[in-house]
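This report concerns only the one structure given below.
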Amino acid sequence: MESNESSYVSSPELAPKRPSPPPPKSPTSDSLEKPTYIRFLVSNAAAGSVIGKGGSTITDFQSQSGARIQLSRNQEFFPGTTDRIIMISGLIDDVLKAVELILSKLLSEINLEEGNDVDPRTKVRLIVPNSFCGGIIGKGGATIKSFIEESQAGIKISPQDNNYYGLNDRLVTVTGTLEEQMRAIDMILSKLSEDLHYPQSVNVPFSYAAAYNGVNYGPAGGGGKFQNNKEDRSNSMTIGIADEHIGLVVGRGGRNIMDISQATGARIKISDRGDFMSGTTDRKVTITGSQRAIRAAETMIMQKVMHEISLEE
């Protein structure tokens with residue numbers, strides 16, 4: 001059954017703007033004026049409190065912050081976890097305001113459940129593209145050490161998880177009180193936003209669990225995992241694309257799928273109508289070729305679907 005949570009997501013036009021606040025201690029005024037984004041994990045149970053009844057809470061948070069808040073659908077988790085993905089986009093101050101509203105809400109829920117026994121120091125796991133983690137770490141770990149000292153929060157960057165092919169993100173765990181977490185997140189996001197390429201990586205925000213087209217990795221060969229790193233070996237990966245969006249991948253007369261195959265060198269096969277990924281209404285899209293070709297084809301497929309859906313919104 002199709003989730004109705006897409007109705008909770010605002011389009012950029014619907015997210016009202018707040019008056020511009022005074023510039024925080026971010027590196028450059030330039031980066032303050034450019035759109036950015038942040039992603040982090042929430043448990044499936046906690047996601048309901050972020051959405052609120054009929055989407056009231058998420059709508060209110062968007063109104064208060066001026067940022068856009070998106071949430072991956074029920075059962076669409078970050079690989080290797082049972083947590084859903086929240087993505088917040090907008091100007092850096094608006095994004096930070098939305099993060100604080102959400103974390104405050106989650107903390108108040110914990111306090112209600114556990115009373116006075118709750119630990120004031122909690123954890124939030126940010127999702128950061130692997131290619132940008134070096135900027136957070138700094139030379140010899142100097143940047144991350146300074147962030148820890150200044151924020152008083154614990155900051156830990158996970159190693160790259162090679163169990164999930166195509167996963168190019170790492171988790172950055174920030175531990176502390178809400179105030180400590182917000183200081184650390186401010187520093188991390190400001191650092192990420194210094195790189196002009198970082199905001200551009202928002203184009204495919206849910207490349208492993210697309211919130212708006214139901215992409216799920218399924219068993220293909222080694223269960224979606226690859227046992228070798230040889231580029232010339234033929235590998236296979238199967239992803240699921242929501243049945244109503246499969247036409248975006250195929251294109252008129254098969255044009256899109258032929259273009260993607262020619263551009264990447266990968267072979268792409270789509271399951272017959274009614275042949276779905278187990279337990280879903282997602283059609284199977286099997287991509288075969290070298291790992292590089294598969295990665296390129298998967299990205300092109302995702303971009304095609306995400307672009308068309310963003311136009312529909």
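Of all the heavy atoms in Met258 and Gly253, the pair that sits closest is CE-O, 3.8 Å. Scanning all heavy atoms of the two residues, the minimum distance from Thr36 to Ile92 falls at CG2-CA, 3.9 Å. Contact detail for Ile69 and Gln62: the closest heavy-atom pair is N-OE1, 2.9 Å. Taking all atoms of both residues into account, the shortest heavy-atom contact from Leu103 to Gln181 is CD1-OE1, 4.2 Å. Of all heavy-atom pairs between Leu96 and Leu189, the closest is CD2-CD2, 4.1 Å. Between Ser65 and Leu101 the shortest heavy-atom distance is CB-CD1, 4.3 Å.
Contact annotation: the side chain of Val285 never approaches that of Thr238 to less than 4.5 Å [non-hydrogen atoms, C-beta and beyond]. Thr286 places none of its side-chain heavy atoms less than 4.5 Å from the side chain of Met237. In this structure the side chain of Thr122 never reaches within 4.5 angstrom of the side chain of Thr177, judged on heavy atoms. Annotation: side chain of Phe40 is not in contact with side chain of Val174 (no heavy-atom distance under 4.5 Å). Inter-residue side-chain proximity for Ile85 and Leu41 is flagged as met; some heavy-atom pair is nearer than 4.5 Å. Annotation: side chain of Ile294 is not in contact with side chain of Thr288 (no heavy-atom distance under 4.5 Å). Looking at heavy atoms from C-beta onward, Arg84 lies out of side-chain contact with Phe78 at the 4.5 angstrom threshold. Within the 4.5 Å cutoff, no side-chain heavy atoms of Ile270 are placed close to those of Ile241.
Annotation: the span from Thr81 atom OG1 to Arg125 atom CZ amounts to 6.0 Å, rounded to 0.5 Å. Put simply, CD1 on Ile246 and CD1 on Ile257 are 7.5 Å apart, with the number rounded to the nearest 0.5 Å. Note that OG of Ser151 and CE of Met182 are 11.5 Å apart. Values are rounded to the nearest 0.5 Å. Distance check: Arg267 CZ to Ile260 CD1 gives 15.5 Å after rounding to the nearest 0.5 Å. Here the CD1-CD1 distance, from Ile188 to Ile38, works out to 7.0 Å after rounding to the nearest 0.5 Å. Note that the CD1 atom of Ile268 and the CE atom of Met300 stand 8.0 Å from one another [nearest 0.5 Å].
A salt bridge is absent between Glu100 and Lys97; no separation between the charged side-chain nitrogens and carboxylate oxygens falls under 4.0 Å. No salt bridge links Asp243 with Arg273; every basic N to acidic carboxylate O contact stays at or beyond 4.0 Å.
Side-chain atoms of Arg283 come within 3.5 Å of backbone atoms of Ser271 as a donor-acceptor pair (strictly under, hydrogens ignored). Between the side chain of Tyr198 and the backbone N or O of Lys191 there is no donor-acceptor pair closer than 3.5 Å.
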Given side chain to side chain contact (heavy atoms under 4.5 Å, CB included), test Ser104 with Leu178 step by step and report yes or no. CA-CA 7 Å; Ser104 296; Leu178 178 61; 3.2 Å; yes

Could you check Asn256 against Val250 for side chain to side chain contact (heavy atoms under 4.5 Å, CB included), going step by step and ending with a plain yes or no? CA-CA 5 Å; Asn256 289 351; Val250 177; over 6 Å; no

Yes or no on side chain to side chain contact (heavy atoms under 4.5 Å, CB included) for Thr173 and Ile155, after CA distance, side-chain angles and deciding distance? CA-CA 6 Å; Thr173 303; Ile155 305 173; over 6 Å; no

Would you check, one step at a time, whether the test side chain to side chain contact (heavy atoms under 4.5 Å, CB included) holds for Leu248 with Ile301? CA-CA 9 Å; Leu248 302 176; Ile301 289 169; over 6 Å; no

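Neither side chain, Ser56 nor Asp60, offers a donor N or O lying under 3.5 Å from an acceptor on the other.
Sorted by first and then second residue, the side-chain hydrogen bond (donor to acceptor under 3.5 Å, both in side chains) pairs with a member in residues 137-149 form an empty list; sequence neighbours excluded.
Hydrophobic clustering (ILVMFWY, side-chain heavy atoms < 4.5 Å, transitive): Phe276 and Ile239 are in distinct clusters.
Partners of Glu180 by salt bridge (Lys or Arg N to Asp or Glu O under 4.0 Å), not counting sequence neighbours, listed by chain and number: Arg121. Asp275 is linked by a salt bridge (Lys or Arg N to Asp or Glu O under 4.0 Å) to Lys284, counting only residues two or more places apart in sequence or in another chain. With sequence neighbours excluded, the residues that form a side-chain contact (heavy atoms from CB on, under 4.5 Å) with Ser43 are Ala45, Ala46, Asp83. In terms of the salt bridge (Lys or Arg N to Asp or Glu O under 4.0 Å) criterion, residue partners of Arg255 (sequence neighbours excluded) are, by chain and number, Asp259.
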Exercise answer: donor-acceptor pairs, residues 129-136 side-chain atoms, under 3.5 Å, sequence neighbours excluded:
unit_1: Asn130; atom_1: OD1; unit_2: Arg170; atom_2: NH1; d: 2.9
unit_1: Asn130; atom_1: ND2; unit_2: Gln160; atom_2: OE1; d: 2.8

